[in-house]
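A short worksheet on the structure shown next.
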Amino acid sequence: MAREIPLAHVRNIGIVAHIDAGKTTTTERILYYTGLIHRMGDVDDGTTQMDWMEQEQERGITITSAATTCRWREHRINIIDTPGHVDFTIEVERSLRVLDGMVAVFCGVGGVEPQSETVWRQADRYHIPRIAFVNKMDRLGASFPDVLQSMRDRLGARPVPVQLPVGSSDTFRGAIDLIRLRALIWHDDALGAEFHEEDVPAAEAAAVAQARSEMIEACGEVDDEVMAAFVEGRSPPEEALRRALRRMTVSNAGVPVFCGASLRNKGVQPLLDGIVDYLPSPLDVPPIEGVKPDKERREKREAKADGPLAALAFKVASDAYAGQLTYLRVYSGSIRVSQNVFNATKSKHERVPKLVRMHANKREEVRELSTGEIGAAIGLRFTTTGDTLCDDKHAILLDPIPFPEPVISIAVEPKTKDDEERLPAALAKLEVEDPSFKVRIDAETGQTLLWGMGELHLEVLVERLKREFRVLVNTGRPQVAYKETVSAAFDSEGRFVRQLGGKGQFGHVRVRLEPNETGKGVVFRNLAPAAEVPQHFLHAVEKGVRDGLAAGPLAGYPIVDLRATLLGGSFDEGDSSEMAFHAAASIAVRDGLSQASPVLLEPVMAVEVVTPEGALGDVLGDLKSRRGRVSGMRPRGDLRVVDALVPLSGMFGYATDLRSRSQGRATHTMQFAQYEPVPQSIAKNIVAQVRGGL
């Protein structure tokens, strides 16, 4: 089947930003100017195309990433609009995993904010080329130079403006194109669909000359023709500049920066041109890599429509009418309706009943998804988030998507007998959709615990139980996800000896437990002589060690950041078994943990508070009372920005308290930073409460 659009004309991009930077509004304008929709929606009115969930419309925030496809200048642009709230960072993570390029939207007043920084680091990890759009240039206090500086300071980025704003705040009218040296002025009476060109205003001539010289210098570093023109003091051709900017962007040597005001319909068309001109096609990014399942060696897959199939399932969603939707990015080959594909992650074959292209919650049926396309399959039985679909004759296992560990939980109980019957199935569906959400049953109390990334995350999930699954639950107070570790080394011994009829069981191990670096997790290594612990028992020993670390000695929380070393042991030729060594290792770990100076750990959040100067003293005092440590303060216009590290246990109900202390003018954001030891006096109380509740 011939391609509808050449692969070089495909752009797979994400629109990402901090909450309230104007990300969804910018996407809405893109859809309008590309002709995909004929009426622009509004976030405040709950009428945007991409925020289609009831809760998104009511809260005015993006909760789940939404995909759509539009066209501009004979190019197909596949767009994923992602959430800006830190509680839904998994949606950004899995979206970035399958994108070739990114548009980072920054508020012209706020600049680089915490979630912008988080997303930028995620994009760094995947080496995603990006362009930037400084939005809200019509807002009081907007400053294009300040945003550029915050990109340098907070992101370590190299912003390369390709536009300068014409005016700011209420005088913002348009943008100066630094390549063509023309001012683009938008018509307010045409919903931004029309603009005209003017000469560069005389008042801006010096700033334009300086910015253009810096742009040419940055381009010259990646293009010899532009460098030659720069050295000789002449102006490079427009096409040479665009080619160099594209090369700079794709290689991540710099970030082209645009400006505008999406809500006022200004600046979106040049941004679309920038997406087409500077962001990569699937042919411009390195080939996807994976592992051959049978040989465990790395292999690359080129972006070729006639190559073997390699596709990644990056999201699963439930649809009330269609059933389960599995979002796919096709890296190589193509996937067709009724085709049998191989799920390399689960080693199972799947038949593809139906394929669709998504436009938010609307679907367009297609017969095929080819290389470079993003779409969804309906009715796959086994495939979940992170699975690889491929041709079983050319099997490949693509790298999985990393999922964050939840840091907060609530207990839920069904309100009626009917709710009790429906609850397990509803929770199972939500778990499949959202890998950052976990359901656990407390072994001691029998309570159902929902674990998530924050209070808002769990609040949204409970509301979804009610609206989508018609399951009503009562909820308990949020609980912190504590963990335990050790602070000293200890050598421990475990023996398992049983006589069962004529057959005995014997296992004996010596294990050293010691602290590992923060955030490095549990590491197992073997130093035991084979004469003491034979090779074929090592897997059972490691599993026994890890099972023994599932519950710590202080309060039963999981053990993290520990090195376990198998030093030796002994075995019996006739009676030793994997079960016996598994049990011996678990005994050694459980006995040793209490002797290795166990420590209780708590999640600590990076908190940013933006407050009026008059409320600063109250805000700082309140943070201190919550065991917060202020790490920095900086001005932002007439406001103060406070950065602090605060234990999650001290942040419950903070939004309400902050509003009352600042007459509603202060705002805050927070995201998980790290686990840290709980002070001894507080740890004793927590342990006593947990043990008292057993």
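Any value given below was found using the heavy atoms of this structure, including those in side chains, with hydrogens, waters and symmetry copies removed.
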- Query: For Phe106 and Gly111, which heavy atoms make the closest approach, and how far apart are they?
  - Reply: CD2-O, 3.9 Å

- Does atom NZ of Lys415 have more than 12 heavy-atom neighbours from other groups under 6.0 Å away? yes

- Check: Met633 and Leu620 side chains under 4.5 Å, non-hydrogen atoms: yes

- Asn135 side-chain N/O to Val105 backbone N/O, donor-acceptor pair under 3.5 Å: no

- Check the pair Phe172 / Met137 against side chain to side chain contact (heavy atoms under 4.5 Å, CB included), numbers first and verdict last. CA-CA 7 Å; Phe172 177 72; Met137 287 304 303; 3.8 Å; yes

- Message: Whether the side chain of Arg212 engages the backbone of Leu178 through a donor-acceptor N/O pair (distance < 3.5 Å, no angle test) should be reported.
- Response: yes

- Task: Drop me the distance from Met151's CE to Glu117's CD, to the nearest 0.5 angstrom.
- Result: 12.0 Å

- Message: Quick check: do Leu430 and Arg464 have side-chain heavy atoms less than 4.5 Å from each other?
- Response: yes

- Item | Residue pair Arg125 / Gln122, side-chain donor-acceptor N/O under 3.5 Å | no

- Message: Please determine whether a side-chain nitrogen of the Lys or Arg among Glu676 and Arg627 lies less than 4.0 Å from a carboxylate oxygen of the Asp or Glu.
- Response: no

- Message: Please determine whether a side-chain nitrogen of the Lys or Arg among Lys429 and Glu433 lies less than 4.0 Å from a carboxylate oxygen of the Asp or Glu.
- Response: no

- Message: Considering only residues two or more places apart or on different chains, which pairs with a residue in residues 634-646 satisfy side chain to side chain donor-acceptor pair (under 3.5 Å)?
- Response: Glu608-Arg634, Glu613-Arg640, Arg634-Asp643

- Is Arg264 close enough and on-axis enough to Trp186, meaning under 6.0 Å and within 45°, for cation-pi? no

- Item | Basic-acidic side-chain contact under 4.0 Å: Lys315, Glu91 | yes

- Message: Before you tell me yes or no, could you show the steps for Ile408 and Glu455 under side chain to side chain contact (heavy atoms under 4.5 Å, CB included), namely the whole-Å CA-CA distance, both residues' side-chain angles and the distance that decides it to 0.1 Å?
- Response: CA-CA 7 Å; Ile408 187 173; Glu455 288 182 272; 3.8 Å; yes

- Please tell me if the side chains of Thr385 and Phe403 come closer than 4.5 Å, counting only heavy atoms from C-beta onward. yes

- Query: Can you tell me if Asn252 uses its side chain to pair, donor with acceptor, with the backbone of His127 under 3.5 Å?
  - Reply: yes

- Message: Given 3.5 Å as the limit, does a donor-acceptor pair link the side chain of Ser169 with the main chain of Arg139, or not?
- Response: yes

- Task: Hey, can you tell me if His187 and His196 have their rings parallel, tilted or perpendicular (30° and 60° cut-offs)?
- Result: tilted

- Task: Would you check if the side chain of Asp561 reaches a backbone N or O of Gly519 as a donor-acceptor pair within less than 3.5 Å?
- Result: yes

- Does any non-hydrogen side-chain atom of Phe144 lie less than 4.5 Å from one of Gln163? no

- Query: In Å, rounded to the nearest 0.5 Å, how long is the span from NE2 of His359 to CG of Leu31?
  - Reply: 5.5 Å

- Query: Any donor-acceptor pair under 3.5 Å linking the side chain of Glu468 with the backbone of Ala426?
  - Reply: no

- Query: Ion pair present between Lys266 and Asp138, side-chain N to carboxylate O less than 4.0 angstrom?
  - Reply: no

- Does any non-hydrogen side-chain atom of Arg29 lie less than 4.5 Å from one of Asn265? yes

- Salt bridge present between Arg626 and Asp657 (N-O < 4.0 angstrom): yes

- Taking side chain as C-beta onward, heavy atoms only, is Pro402 less than 4.5 Å from Glu93? yes

- Message: For the CG atom of Asp81 and the CD1 atom of Ile13, what is their distance to the nearest 0.5 Å?
- Response: 10.0 Å

- Out of curiosity, Leu164 CG to Ile176 CD1, how far, rounded to the nearest 0.5 Å? 5.5 Å

- Task: Supply the atom-to-atom distance Leu184 CG to Glu198 CD, rounded to the nearest 0.5 angstrom.
- Result: 9.5 Å

- Taking side chain as C-beta onward, heavy atoms only, is Phe258 less than 4.5 Å from Val103? no

- For Arg665 and Pro612, indicate whether the former's side chain and the latter's backbone hold a donor-acceptor pair under 3.5 Å. no

- Item | Intermediate values then yes/no, side chain to side chain contact (heavy atoms under 4.5 Å, CB included), Ile410 and Val462 | CA-CA 10 Å; Ile410 55 171; Val462 168; 3.8 Å; yes

- Message: Tell me if a side-chain donor or acceptor on Thr82 pairs with a main-chain N or O of Ile15 at a distance below 3.5 Å.
- Response: yes

- Query: For Leu450 and Phe437, what are the C-alpha separation, side-chain angles and deciding distance, and is it a side chain to side chain contact (heavy atoms under 4.5 Å, CB included)?
  - Reply: CA-CA 7 Å; Leu450 310 187; Phe437 166 60; 3.7 Å; yes

- Kindly determine whether Arg94 and Asp434 satisfy salt bridge (charged side-chain N to carboxylate O under 4.0 Å, His left out), including the steps that lead there. CA-CA 10 Å; Arg94 59 183 171 189; Asp434 183 352; 5.3 Å; no

- Message: Main chain of Tyr557, side chain of Glu484: is a donor-acceptor contact present, judged purely on distance under 3.5 Å?
- Response: yes

- Message: Donor-acceptor check, side chain of Ser662 to backbone of Leu658, threshold 3.5 angstrom: yes or no?
- Response: yes

- Task: Identify the heavy atoms of Ala157 and Trp120 that sit nearest to each other, and give their distance.
- Result: CB-CZ2, 3.7 Å

- Message: When you compare the side chain of Ile30 with that of Leu272, does any pair of heavy atoms fall below 4.5 Å?
- Response: yes

